[in-house]
Amino acid sequence: GLPVPLSISAADYLPIATDTATLKLTLDARKAPIPSTTIFNASDPSTYTHSTATSVFDASGTQIDVQTFYVKRSPTAWDVFASVGGTMLPANQGQVGSLTFDASGALTNTTLPAIPPAAAANTASLGVFGVPVVAGAQSVNFDMSNTVQFGTDFSATMDQDGSPPGHMVGYRMAGDGIITASYSNGQTVKMGQVVLAGFKSMDGLALSSSNHWLETTNSGPASLNTAGAGGLGTLNASATENANVDLTSEMIKMISAQRVFQAAAEMVKKQDEVMQTVVNIGQ
């Protein structure tokens with residue numbers, strides 16, 4: 001689009017409710033299965049194989065802690081349970097589903113519980129379970145589709161698309177002119193981009209006040225483009241322009257001028273002394 005004046009807003013970053021939490025898990029295939037007759041209990045580590053904690057956000061930006069538990073039931077099947085804010089989800093001791101793997105450890109099937117948690121947005125997608133984090137108001141899709149089962153230690157990485165509110169802490173400009181604002185919640189937002197203008201004849205520009213240059217018929221019309229494109233240069237933020245003079249040479253000239261001034265001052269002083277002597281002789 002056409003360039004417009006840049007405006008950098010210092011407004012707060014508004015909270016974003018979490019819609020999807022992505023968990024990339026590696027379940028330990030070496031663990032012994034826990035019989036189905038053993039009732040899951042979040043307070044008893046012997047009733048589950050692995051667990052991990054996750055933080056999501058509601059519409060107001062309030063952090064909600066969700067803990068997921070993984071119970072190995074057979075060499076290839078795992079049950080998944082969840083608690084929100086330390087409270088197990090209702091129905092089935094908080095079970096949100098089951099995961100099934102093939103012999104190579106790849107996820108092949110997802111099973112939902114017979115009675116899903118209330119208000120859970122469960123879908124038919126492989127490895128995706130709905131977890132109600134705010135009763136009757138918000139459900140988060142926990143995406144475990146990248147989960148694998150290998151003969152190695154349990155590991156978990158998590159990412160989610162929600163965010164708490166934040167205050168602007170600063171902004172910076174990249175070499176391509178894009179201005180990015182940073183917020184106290186760790187988020188960044190692109191505020192705009194500075195464009196540069198090129199002319200067929202730079203010598204044809206007319207000098208104006210305040211170091212401004214004006215387009216003329218000799219310079220040709222301005223050709224706008226982003227920094228680094230179309231033969232234009234790049235931008236360097238938070239930098240001052242280097243001097244275009246030889247500092248050593250200028251220093252020598254200054255010292256020479258100072259010596260000349262001192263010599264001239266000494267000459268005037270001597271002339272004044274001679275005149276004073278002549279005046280004294282006349283008296």
Starting from the C-alpha separation in whole Å, work towards a yes-or-no answer on side chain to side chain contact (heavy atoms under 4.5 Å, CB included) for Val71 and Thr47. CA-CA 7 Å; Val71 183; Thr47 62; over 6 Å; no

Do Tyr48 and Phe69 have ring centroids that are under 6.0 Å from one another? yes

Look only at the side chain of Thr87 and the backbone of Ser83, and say whether a donor-acceptor pair between them is shorter than 3.5 Å. no

Using modelled atom types only, decide if a donor and an acceptor are shared between the side chain of Asp161 and the backbone of Asp19 within a distance under 3.5 Å. yes

Quick one, Ser163 with Gln160, criterion side chain to side chain donor-acceptor pair (under 3.5 Å). Give me CA distance, side-chain angles, the key distance, then yes/no. CA-CA 8 Å; Ser163 176; Gln160 54 86 37; over 6 Å; no

Could you tell me if Gln63 and Asp65 have a donor-acceptor pair between their side chains, going purely by distance under 3.5 Å? yes

Please check if Leu224 and Leu235 belong to a single hydrophobic cluster, counting links between Ile, Leu, Val, Met, Phe, Trp and Tyr side chain heavy atoms closer than 4.5 Å. no

Would you kindly confirm whether Leu232 and Leu205 end up in one hydrophobic cluster when ILVMFWY residues are joined by side chain heavy atoms under 4.5 Å apart? no

Correct closest heavy-atom pair for Leu89 and Pro132 would be CD2-O, 3.8 Å

So, Ser98 versus Asp79: side-chain donor-acceptor pair below 3.5 Å or not? yes

Side chain to side chain contact (heavy atoms under 4.5 Å, CB included) between Leu23 and Thr54, intermediate numbers included: CA-CA 9 Å; Leu23 278 71; Thr54 303; 4.1 Å; yes

Take Gln95 and Phe40 through the test side chain to side chain contact (heavy atoms under 4.5 Å, CB included) and record every step on the way to the result. CA-CA 9 Å; Gln95 184 178 358; Phe40 167 76; over 6 Å; no

Does Tyr171 OH have over 12 foreign heavy atoms under 6.0 Å away? no

Would you find a donor on one side and an acceptor on the other, under 3.5 Å apart, between the side chain of Ser256 and the backbone of Ile252? yes

Would you please indicate yes or no on a ring centroid separation below 6.0 angstrom for Phe142 and Phe129? no

How long is the straight-line distance from CD of Gln193 back to CG of Asp176, given to the nearest 0.5 Å? 5.5 Å

Approximate separation, where rounding is to 0.5 Å, of Leu27 CG and Gln149 CD: 6.5 Å

Transitive ILVMFWY side-chain link Val131 to Ile64, under 4.5 Å: yes

For Gln276, is there any backbone N or O sitting under 3.5 Å from a side-chain donor or acceptor partner on Asn280? yes

Thr26 side-chain N/O to Phe154 backbone N/O, donor-acceptor pair under 3.5 Å: no

Mark yes or no for whether Gln138, through its side chain, and Thr18, through its backbone, hold a donor-acceptor pair below 3.5 Å. yes

Would Lys24 and Asp143 count as a salt bridge (Lys or Arg N to Asp or Glu O under 4.0 Å) here? Give the steps. CA-CA 8 Å; Lys24 186 175 182 180; Asp143 184 354; over 6 Å; no

Quick check against the 3.5 Å criterion: does Thr216 have a side-chain atom that pairs as donor or acceptor with the backbone of Asn218? yes

Just by distance, do the side chain of Arg73 and the backbone of Pro33 share a donor-acceptor pair under 3.5 Å? no

State whether the number of non-hydrogen atoms from other residues, nucleotides or ligands found under 6.0 Å of Ile8 atom CD1 is greater than 12. yes

Report yes or no: do Ser201 and Asp203 form a side-chain donor-acceptor pair below 3.5 Å? no

A quick test of your reading: do over 12 heavy atoms of other residues, nucleotides or ligands sit less than 6.0 Å from CE of Met202? yes

Are any side-chain N or O atoms of Ser184 and backbone N or O atoms of His167, one a donor and one an acceptor, separated by less than 3.5 Å? yes

Are Leu107 and Val96 connected in a single hydrophobic cluster, I mean Ile/Leu/Val/Met/Phe/Trp/Tyr linked by side-chain heavy atoms less than 4.5 Å apart? yes

Distance col, row Ile16:CD1 vs Asp58:CG, nearest 0.5 angstrom, shows 13.0 Å

Spacing of Leu99 atom CG and Thr76 atom OG1 [to the nearest 0.5 Å]: 11.0 Å

same_hphob_cluster(Met173, Met168) at 4.5 Å side-chain heavy-atom cutoff: yes

Near Arg30 CZ, under 6.0 Å, is it more than 12 heavy atoms from other residues, nucleotides or ligands? yes

Rounded to the nearest 0.5 Å, what's the gap from OH on Tyr70 to NZ on Lys31? Could you check? 15.5 Å

Check this for me, if you would: do Lys253 and Asp246 make a salt bridge, where the nitrogen-to-carboxylate-oxygen distance has to be below 4.0 angstrom? no

Hey, does Thr180 have a side-chain heavy atom less than 4.5 Å from the side chain of Val189? no

For the OG atom of Ser249 and the CE atom of Met254, what is their distance to the nearest 0.5 Å? 12.0 Å

Any donor-acceptor pair under 3.5 Å linking the side chain of Lys72 with the backbone of Ala32? no

